[in-house]
Number of protein chains: 4
Amino acid sequence: MSDLHWKTAISDVEPNKVKVRGYPVDQLIGRISFAQAVYLVWKGEMPSPEVGKLIDAILVSSVDHGAGPPSVLTARTVTSTGAELNSAVAAGIQAISRYHGGAIEEGMRLFIRINTKRKETGDSLEKAVQDVLKEMKSQKQRASGFGHRLHKQDPRTQRLFALARDLGLAGEHMETALAVEKGLKEVTGRSLPMNVDGAIAALLCDLEIPPEIGNAFFILSRVAGLVAHVHEEKTKMRPMRKIHPTDFEYDGPSERKL
Amino acid sequence: MSDLHWKTAISDVEPNKVKVRGYPVDQLIGRISFAQAVYLVWKGEMPSPEVGKLIDAILVSSVDHGAGPPSVLTARTVTSTGAELNSAVAAGIQAISRYHGGAIEEGMRLFIRINTKRKETGDSLEKAVQDVLKEMKSQKQRASGFGHRLHKQDPRTQRLFALARDLGLAGEHMETALAVEKGLKEVTGRSLPMNVDGAIAALLCDLEIPPEIGNAFFILSRVAGLVAHVHEEKTKMRPMRKIHPTDFEYDGPSERKL
Amino acid sequence: MSDLHWKTAISDVEPNKVKVRGYPVDQLIGRISFAQAVYLVWKGEMPSPEVGKLIDAILVSSVDHGAGPPSVLTARTVTSTGAELNSAVAAGIQAISRYHGGAIEEGMRLFIRINTKRKETGDSLEKAVQDVLKEMKSQKQRASGFGHRLHKQDPRTQRLFALARDLGLAGEHMETALAVEKGLKEVTGRSLPMNVDGAIAALLCDLEIPPEIGNAFFILSRVAGLVAHVHEEKTKMRPMRKIHPTDFEYDGPSERKL
Amino acid sequence: MSDLHWKTAISDVEPNKVKVRGYPVDQLIGRISFAQAVYLVWKGEMPSPEVGKLIDAILVSSVDHGAGPPSVLTARTVTSTGAELNSAVAAGIQAISRYHGGAIEEGMRLFIRINTKRKETGDSLEKAVQDVLKEMKSQKQRASGFGHRLHKQDPRTQRLFALARDLGLAGEHMETALAVEKGLKEVTGRSLPMNVDGAIAALLCDLEIPPEIGNAFFILSRVAGLVAHVHEEKTKMRPMRKIHPTDFEYDGPSERKL
């Protein structure tokens with residue numbers, strides 16, 4: 001044992017044995033979903049199957065969003081120079097920053113702030129929302145997780161909230177998020193519907209995920225999409241092509257049902 | 001439409017609608033697992049629930065393997081300098097290269113080569129294995145996916161194969177992988193048991209995944225582990241500490257059962 | 001011209017002509033140093049030969065600092081997995097963050113703050129320094145660019161300042177930096193000698209470089225060192241070796257004179 | 001001393017002393033150029049002032065080439081998401097891969113191969129060139145370092161070669177490169193003038209730089225350009241703008257003379 005000796009509580013490896021947060025991984029294989037494993041490794045405890053299903057849903061919701069997001073354009077541009085898949089995906093992740101994917105963490109902090117204020121003051125949820133939004137307005141801050149360049153009614157938001165209710169996982173932060181959506185209309189005079197990041201932020205708060213890893217759900221989910229884009233670029237496109245950021249067209253399968 | 005117009009078959013976004021490989025994503029949320037979504041976005045078709053379960057198992061098997069792998073040490077070192085989570089995870093992925101995580105793609109190419117040879121020549125599987133391994137030996141190449149620094153009997157390998165059999169997804173590449181394990185003993189005189197990369201390689205071949213994205217399963221899975229390590233480093237460790245690559249100790253929960 | 005048309009003032013390329021900030025690059029080759037070109041491309045104007053010499057000196061001062069900095073350990077760890085040189089260097093740069101290399105920008109902001117305060121209030125430099133340092137102390141902030149884990153008297157600091165004086169480029173921020181060094185002793189009671197980052201910060205302020213690109217001088221300089229470490233790792237070390245962060249020894253040429 | 005003890009020959013740090021390849025860095029500051037320091041740290045020996053001037057010229061020649069190269073578009077795209085400067089520059093470097101910047105290493109290997117063949121066979125340079133180019137043609141390989149999308153007569157190439165001649169540093173690889181340019185016309189029937197990568201490749205061969213670090217000269221030089229683009233993007237552009245890869249216009253200073 002050297003003077004640099006250190007400790008870690010994530011996983012333990014010895015000959016012929018790998019344990020994650022105490023669980024032998026061979027006992028987990030085939031018995032829990034990857035979504036459950038993600039929660040286990042990030043939170044330290046095994047989630048219920050219901051929580052697992054909600055994590056699955058959150059990860060499914062952000063798996064891809066067309067070829068326009070900067071993470072996709074970055075990963076494709078790096079790929080077009082002949083780089084390896086891992087390096088192109090890594091570059092894509094470097095583009096998942098404050099303005100792209102960053103709204104989950106910020107949304108979480110907002111919902112926690114309002115909810116904490118409500119409890120501390122004994123105010124109604126409506127009043128706590130109004131107070132915080134007005135304070136933000138006076139400081140010219142905007143509420144993360146609301147409004148979308150394209151979607152007036154983000155189809156993913158409603159579905160995620162409905163599922164959380166079905167699974168018995170709708171909590172006070174979901175309520176808070178809905179109250180913020182309503183409050184924003186009153187305070188700003190504009191309709192700023194909750195987007196998928198706002199919805200995920202609320203659900204993660206109710207799952208007691210720390211805000212600092214809120215964006216990690218988006219990163220993990222979007223790695224799936226990035227790999228698909230890198231693979232398509234590598235196998236179907238000419239190296240060093242000029243990649244237009246908006247002038248592309250979908251030519252995949254027509255709309256289909258599950 | 002400019003002269004840089006291009007096409008993509010992965011996902012399609014229009015106001016209030018997001019479709020992945022043709023499926024409206026709001027219909028997928030809560031109805032398929034993230035593992036199924038990964039297969040869908042990478043392969044282009046919706047997998048059966050059984051294939052989904054096998055993908056889940058593959059992703060669970062590689063979620064973390066202690067604090068020693070170079071991807072973990074890289075992500076922690078970058079974190080210790082004060083970098084953002086996304087940048088630290090990206091750096092970790094840059095360390096998932098030829099010698100770390102790269103065995104899946106190489107193993108897939110080996111199993112496909114043997115299996116193709118067997119079909120083309122009409123030889124027995126045993127002969128095809130022997131011929132290829134001898135050729136590799138004469139060129140001083142080693143078979144990827146066999147042997148492990150630490151595990152004589154990788155606990156994950158057996159479990160994955162047993163699950164594939166239970167799910168009716170054991171195919172000719174699994175058979176090939178087992179024949180290679182046997183053949184290696186004869187050709188090299190050493191016992192080189194299949195490791196988890198070799199097992200995953202065989203399963204992915206049987207699922208008809210292209211070898212070029214074989215390593216992506218490892219990357220995606222390990223992003224989960226990397227996030228946990230980055231978070232632990234950021235919240236529990238002193239910035240700029242010197243990170244010893246082997247002298248660490250597990251201090252998490254004791255062994256427990258599911 | 002599309003609706004995404006945009007403008008850039010850095011360089012202009014047309015058939016058989018490349019101009020950087022207006023200067024045809026073929027006229028620059030052989031007539032200015034790379035250090036001058038760096039200043040030109042970053043600031044937009046051609047520096048005098050004296051300024052070029054000072055930039056050269058700043059870049060020389062940080063070219064390498066042993067194998068222990070996290071950027072070096074990161075680049076070597078990524079290299080040891082078989083990654084390409086560009087990817088390993090990129091990972092190293094991701095480790096040049098707040099606590100490693102970040103002191104230049106923070107030092108610049110400190111010196112600018114003190115100097116601005118002095119001018120606005122008409123106070124003496126000593127008083128402005130005392131006021132700012134006391135304010136920082138009360139907020140438990142430490143002054144970036146002072147103190148070093150290893151060097152009591154950073155040999156690079158004195159040399160850089162002497163050179164700036166010889167070149168006629170010593171200005172009010174250098175004076176400020178020296179006053180901070182003195183003031184820190186009085187305010188904290190500890191000797192916290194200026195380190196190389198602090199010295200570079202002062203010089204860059206006097207050269208009117210914007211603080212946001214202060215760290216870029218360190219990044220550019222250290223890319224040179226990182227390439228050397230990546231090359232040594234790739235050509236002399238075993239792949240996947242465990243890289244100890246402190247237990248290494250220099251075995252290069254003995255001390256020699258220019 | 002642990003069992004992970006290792007050795008490095010690049011630089012040595014002890015209290016109040018930093019030595020690079022044996023030279024105390026405080027003795028180097030102000031006495032050698034950064035270009036000389038780069039050569040010193042990469043090759044291990046102090047270059048003559050003439051070699052330093054040629055390295056300066058090589059680094060100046062590639063400092064920037066408009067906003068169109070994939071490394072620039074990558075760094076700008078990552079910047080537009082709110083990422084830190086170091087992360088954006090790192091992503092840009094990940095795009096300096098086989099097809100972008102990779103021609104220097106490949107060109108070096110070509111010139112070394114021809115030159116070695118010439119010496120081994122005793123053939124004339126012309127014959128060695130013809131033989132190698134015909135062999136490459138039959139294998140459908142193209143010669144790296146020749147031909148350019150835009151420049152028929154790369155203004156940087158001639159200037160670099162003229163400077164090498166003036167400095168007495170024109171060697172047999174420069175001769176080889178010129179013979180390849182001539183030979184390509186005969187073998188392919190097309191005019192494929194040497195580009196700046198080909199010229200740099202020839203000069204680096206004559207300087208006895210190992211081909212594996214040939215691209216590092218381009219990476220180091222272009223880091224300067226990337227920082228300028230990242231800074232311009234961060235300070236002048238709207239976050240998350242859509243970055244067109246070709247529809248941009250130079251609005252910097254008009255052409256000017258040194």
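Sequence lines set the chain letters: A, B, ... in the order given, protein chains first and strands last, and positions in each chain run from 1.
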Name the atoms and distances for all side-chain donor-acceptor pairs under 3.5 Å in residues 251-258 of chain A, with sequence neighbours left out.
unit_1, atom_1, unit_2, atom_2, d
Glu255(A), OE1, Lys17(B), NZ, 3.2
Glu255(A), OE2, Lys17(B), NZ, 3.1
Arg256(A), NE, Arg21(B), O, 2.9
Arg256(A), NH1, Glu45(B), OE1, 2.9
Arg256(A), NH2, Arg21(B), O, 2.8
Arg256(A), NH2, Gly44(B), O, 2.9

(request) Test side chain to side chain contact (heavy atoms under 4.5 Å, CB included) on Val20(B) and Val63(A) and set out the steps. (result) CA-CA 8 Å; Val20(B) 175; Val63(A) 75; 4.1 Å; yes
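- Closest non-hydrogen pair, Ala216(B) versus Leu85(A), comes out as CB-CD2, 4.3 Å.
- For chain A, the option among Arg159(B), Met237(B), His148(B), Gln153(B) with the highest count of heavy-atom pairs below 4.5 Å is Arg159(B).
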(message) Walk me through whether Val13(B) and Leu150(A) qualify under side chain to side chain contact (heavy atoms under 4.5 Å, CB included).
(response) CA-CA 9 Å; Val13(B) 175; Leu150(A) 194 65; 3.2 Å; yes
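- Here CD1 of Ile96(B) is found 12.0 Å from OG of Ser87(A). Values are rounded to the nearest 0.5 Å.
- Of the atoms belonging to Glu14(A), it is backbone heavy atoms, and not side-chain ones, that fall under 4.5 Å from chain B.
- Note that NE2 of His5(B) is 10.5 Å distant from OG1 of Thr246(A), once rounded to the nearest 0.5 Å.
- Of the listed residues (Lys236(B), Arg156(B), Gln94(B), Glu232(B)), the one with the most heavy-atom contacts under 4.5 Å to chain A is Glu232(B).
- Residue Ile32(B) touches chain A through both its backbone and its side chain, counting heavy-atom pairs closer than 4.5 Å.
- Side-chain contact between Leu220(B) and Val227(A): absent, with no pair of heavy atoms (C-beta onward) separated by less than 4.5 Å.
- Of the inter-residue distances, the one linking Glu249(B) atom CD with Asp12(A) atom CG reads 9.5 Å to the nearest 0.5 angstrom.
- Looking at every heavy atom in both residues, Phe34(A) comes nearest to Ala224(B) through CZ-CB, 4.2 Å.
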(message) Could you walk me through whether Thr8(A) and His229(B) satisfy the side chain to side chain contact (heavy atoms under 4.5 Å, CB included) test, starting with their C-alpha distance in whole Å, then the side-chain angles of each, then the deciding distance to 0.1 Å, before giving a yes or no?
(response) CA-CA 8 Å; Thr8(A) 175; His229(B) 286 281; 4.2 Å; yes
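- Atoms CG and CG, from Asp56(A) and Asp56(B) in turn, are 6.5 Å apart once rounded to the nearest 0.5 Å.
- Using a 4.5 Å cut-off between heavy atoms, Arg76(A) touches chain B through its side chain atoms alone.
- Within residues 22-29 of chain B, the residues having any heavy atom closer than 4.5 Å to a heavy atom of chain A are Gly22(B), Tyr23(B), Pro24(B), Val25(B), Asp26(B), Gln27(B), Leu28(B), Ile29(B), listed by residue number.
- Residue Arg238(B) does not touch chain A at all, counting heavy-atom pairs closer than 4.5 Å.
- The distance from the NE2 atom of His231(A) to the CD1 atom of Ile10(B) is 9.5 Å, given to the nearest 0.5 Å.
- Of the residues considered (Glu84(A), His65(A), Lys234(A)), His65(A) shows the highest number of contacts with chain B, using heavy-atom pairs under 4.5 Å.
- Per-residue counts of heavy-atom pairs under 4.5 Å with chain B were compared for Ala57(A), Ala37(A), Ala228(A); the largest is that of Ala228(A).
- In terms of heavy-atom proximity, Gly66(B) sits nearest to Ser11(A) at N-OG, 2.7 Å.
- Looking only at heavy-atom pairs under 4.5 Å with chain A, the residue among Leu59(B), Leu40(B), Ile213(B) that has the most is Leu59(B).
- Of all non-hydrogen atoms in Lys152(A) and Asn16(B), the two that sit nearest each other are N-OD1, 2.7 Å.
- The most heavy-atom pairs under 4.5 Å with chain A, out of Lys53(B), Met46(B), Glu233(B), Glu212(B), come from Glu212(B).
- Chain A forms more heavy-atom pairs under 4.5 Å with one residue of Ser97(B), Ala162(B), Ser33(B) than with any other, namely Ser33(B).
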(message) As a quick check of understanding, evaluate side chain to side chain contact (heavy atoms under 4.5 Å, CB included) for His244(A) and Ser2(B), giving each step before the final call.
(response) CA-CA 9 Å; His244(A) 197 292; Ser2(B) 74; 3.6 Å; yes
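- In terms of heavy-atom proximity, Val18(B) sits nearest to Pro155(A) at N-CG, 4.4 Å.
- No part of Gln158(B) comes within reach of chain A, as not one of its non-hydrogen atoms sits under 4.5 angstrom from that chain.
- Residues Arg241(B) and Trp6(A) have side chains in contact (heavy-atom distance under 4.5 Å, counting atoms from C-beta outward).
- Of the listed residues (Ala9(A), Ala90(A), Ala95(A)), the greatest number of heavy-atom pairs within a distance under 4.5 Å of chain B belongs to Ala9(A).
- Heavy atoms of Lys242(B) lying under 4.5 Å from chain A belong to its backbone as well as its side chain.
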